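Worth knowing before you read on, the calculation uses all heavy atoms, side chains too, and leaves out hydrogens, waters and symmetry mates. Here the structure is a predicted model, which is why all the values come from computation and not from measurement. Read the numbers this way: they start at 1 and go in the same order the structure lists the ligands and their atoms.
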Amino acid sequence: MPARTGQQYLAGLRAQEREVWLGGERVHDVTTHPGLARGAQAVARLYDMQFDPTLRDVMTFTSPTSGEPVGRSFDTPKTRDALETRREMMLHWARATCGMMGRSPDFMNVTFAAWGAAADYFGEKRPEFGENMRRYVEYIRENDITLTHALINLQRSRNPTGMFNLEEGTALQVIRETDAGIIVRGARILATLGPLSDEIAVYSPRLARHSEDQNAFAVSFAIPCGARGLRFLCRDSFDLGRSHFDHPLSSRFEEMDCIVFFDDVLVPWERVFLLYDVARLNQAPHATHSNAHAAHQGAAKNLAKCEFVLGIALLMTQALGNAHLPHTEERIGELMLITELTRACMRAAEADSAIDQWGVMCPAIVSAECTRNLFMTAYPRMIEILQLLGSSSFLITPTEADFEGPLKPAIEQYLATDTIGARDRTKLFRLAWDVAGSTFGGRQALYERFFASDPLTRARALAAIYPKGEAMERVLAFLGQSDEE
Ligand SMILES: Cc1cc2nc3c(=O)[nH]c(=O)nc-3n(C[C@H](O)[C@H](O)[C@H](O)COP(=O)(O)OP(=O)(O)OC[C@H]3O[C@@H](n4cnc5c(N)ncnc54)[C@H](O)[C@@H]3O)c2cc1C
């Protein structure tokens, strides 16, 4: 099956029985459960965009194996133009969700596409793993499979060395091998989109901190979400079943985060990509450049999010009549700055892209990674700015029902401003609240702080790739100038 429609995606979720728990109850159908269904529909709408006649050429490309149209995010671009087209596709998806579904399927698609191109890396010691990767990437591309991933092991305590404190009975590990595959047991976090995906990938985070003697924990694989012994435990759903007027974002874009328990789960041999190989697992994102491709996807999402928050802020200040006040302009200027830095990093990553040893046009890693690191502090600051601009207006927000109740005349009289009627003002500020104040908005800020790892790991990741020599050489050259100059 080439690129899927939304209906085909939803049918795929229904067809695969999986163990998902939410609020103490087992979810029988993730596509109809009130806490998950509208998130599933949002993902379905993304897949439908692949068939929009005005977008189709950007959203899909011709499969190198079947000749059918397949999702563009599975592409491994060979030219700068193709890299930009792939980003254009990702930006369409990100804008469709206002940047609020960080784990739209393209995130994992670009990662696996990079791994497919670099399959030899996985097969260097055990050639069968390279073949597994090649076949798997073709499978997910040709079937438009939706993936979640869980990279982080739960820890019972934190180790000051920065090494993961991996313990038997908590972290995910291989407990034995059989003719059919490996058996894994343990728990991982935090599978965003877990209940709404077809497959789950397990590998290690950037700069994975496994030590050589922890190699039973070193494993990379992907299996169906319905695999026996796999259990997804959801957090509270932030979709409370209210109208789009009342909860504009949480009623649409609940992507859900899960703890994943692996209770002696069989991973068939053909789905194993690396095993016991700590060094290769740790190096995989860098050696295959999947980190650059994932960061490029993140940059598109960040840009969509910046544009959306900036747009809300501008409309808020227009509604409140404070747009011309100097401190408002200063704050709006800060939002513009973050937006343009994000856009600039994304474009620089494309402008400085180069063909890598896997034959793929690879975004420039430093520029791409910068938007991820920037966003860990910039996005919470954007939220703070919204709060400062909006103040009590976030709470002068009657519900849709109030507009139909006995207080309607009073609401309409007193909540109107010089520039906007009461209903439109309320609608705007309920949206702003879903960004800057609600549980949904709070989770978005937490997501941007942590989704790509903790701040220490992110800082180290940037330091590891930054061309430090150039900066030092300039200073040394200056120091070396003769005193007579
Ligand atoms: C909303 C959300 C969605 C996510 N989605 C996914 C997903 O889809 N897939 C996935 O794999 N992961 C996902 N993550 C998980 C993310 O990768 C982790 O949260 C992140 O790597 C941080 O790990 P942790 O939460 O265990 O933090 P912790 O290790 O609990 O860290 C807590 C704090 O302590 C600090 N700290 C921890 N250890 C040390 C130490 N040794 N020395 C000094 N300071 C330390 C950290 O810097 C941090 O500030 C998601 C996270 C969030 C918040």
Side-chain angles (χ1 to χ4, degrees), residues 39 43 97 99-112 146-167 170-172 186-211 217 219-222 225 230 232-238 249-250 253-262 281-282 284-285 290-291 294-295 297-298 301-302 305 372-373 375-377 379-380 383 438-462:
V43 179
T97 60
M100 299 291 162
M101 286 188 112
R103 291 299 155 85
S104 50
D106 45 335
F107 179 81
M108 292 304 296
N109 295 353
V110 296
T111 299
F112 269 96
T146 312
L147 274 149
T148 182
H149 71 317
L151 306 188
I152 309 295
N153 282 297
L154 284 168
Q155 301 177 84
R156 297 175 73 88
S157 65
R158 267 69 180 163
N159 183 336
T161 64
M163 279 284 192
F164 275 122
N165 203 2
L166 302 180
E167 287 177 73
T170 301
L172 182 80
R188 283 259 176 141
I189 56 170
L190 187 63
T192 302
L193 209 72
L196 305 181
S197 299
D198 305 305
E199 299 248 337
I200 179 167
V202 167
Y203 49 99
S204 279
R206 285 150 216 94
L207 298 193
R209 291 163 292 181
H210 298 166
S211 66
F217 300 99
V219 62
S220 168
F221 62 83
C225 290
L230 196 57
F232 292 89
L233 176 59
C234 301
R235 60 160 164 75
D236 286 353
S237 173
F238 301 145
L249 297 177
S250 49
F253 303 130
E254 169 55 277
E255 62 181 349
M256 189 47 78
D257 310 290
C258 298
I259 308 165
V260 192
F261 301 115
F262 296 78
L281 195 66
N282 283 350
S290 63
N291 52 357
Q297 186 275 350
K301 180 266 296 170
N302 290 354
K305 212 163 188 164
R372 284 214 271 216
N373 283 32
F375 235 51
M376 295 180 104
T377 49
Y379 188 71
I383 297 316
S438 70
T439 47
F440 180 90
R443 183 257 174 203
Q444 289 290 329
L446 195 70
Y447 181 88
E448 298 304 347
R449 283 188 196 278
F450 283 109
F451 87 90
S453 236
D454 66 273
L456 180 64
T457 306
R458 292 292 335 144
R460 284 175 169 166
L462 188 58

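For the pair Thr192 and ligand 1, the shortest N or O to N or O distance falls below 3.5 Å. Checking only distances, Tyr447 never comes within under 3.5 Å of ligand 1, N or O to N or O. Note: no N/O pair closer than 3.5 Å links Leu456 and ligand 1 by distance alone.
Checked by atom type and distance alone, the side chain of Asp198 pairs as donor or acceptor with a backbone atom of Thr146 at under 3.5 Å. Side-chain N or O atoms of Glu255 include one that pairs as donor or acceptor with a backbone N or O of Arg103 at under 3.5 Å. At distances below 3.5 Å, not a single donor-acceptor pair connects side-chain atoms of Thr170 with backbone N or O atoms of Leu166. Judged by distance alone, with hydrogens and angles left aside, the side-chain atoms of Glu254 form no donor-acceptor pair with the main-chain N or O of Gly39 at under 3.5 Å.
Nearest to atom 50 (C) of ligand 1 by heavy-atom distance, out of Leu154, Leu190, Asp257, is Leu190. The nearest non-hydrogen atom to atom 26 (O) of ligand 1, considering only Arg458, Gln155, Arg158, comes from Arg158.
Judged as a ring-ring contact (aromatic ring centres under 6.0 Å, His included), and not counting sequence neighbours, the contacts of Tyr379 are Phe375. Here Ser237 pairs with nothing under the side-chain hydrogen bond (donor to acceptor under 3.5 Å, both in side chains) rule; sequence neighbours left out.
Taking the side chain as every heavy atom from C-beta outward, Phe262 and Leu230 approach each other to under 4.5 Å.
Considering all non-hydrogen atoms of both residues, Thr439 and Phe238 come closest at OG1-CD2, 3.6 Å.
Close approach to Phe451 involves these atoms of ligand 1, each under 4.0 Å from a residue heavy atom: 17 (O). Distances below 4.0 Å separate heavy atoms of Pro455 from the following atoms of ligand 1: 47 (O). Heavy-atom proximity to His149, at under 4.0 Å, picks out these atoms of ligand 1: 7 (C), 8 (O), 9 (N), 10 (C), 11 (O). In the vicinity of Ala150, heavy-atom distances shorter than 4.0 Å reach the ligand 1 atoms 11 (O). Heavy-atom contacts of Leu151 reach the following atoms of ligand 1: 10 (C), 11 (O) (cutoff under 4.0 Å).
Residue Arg103 touches ligand 1 through its side chain alone, judged by heavy-atom distances below 4.0 Å.
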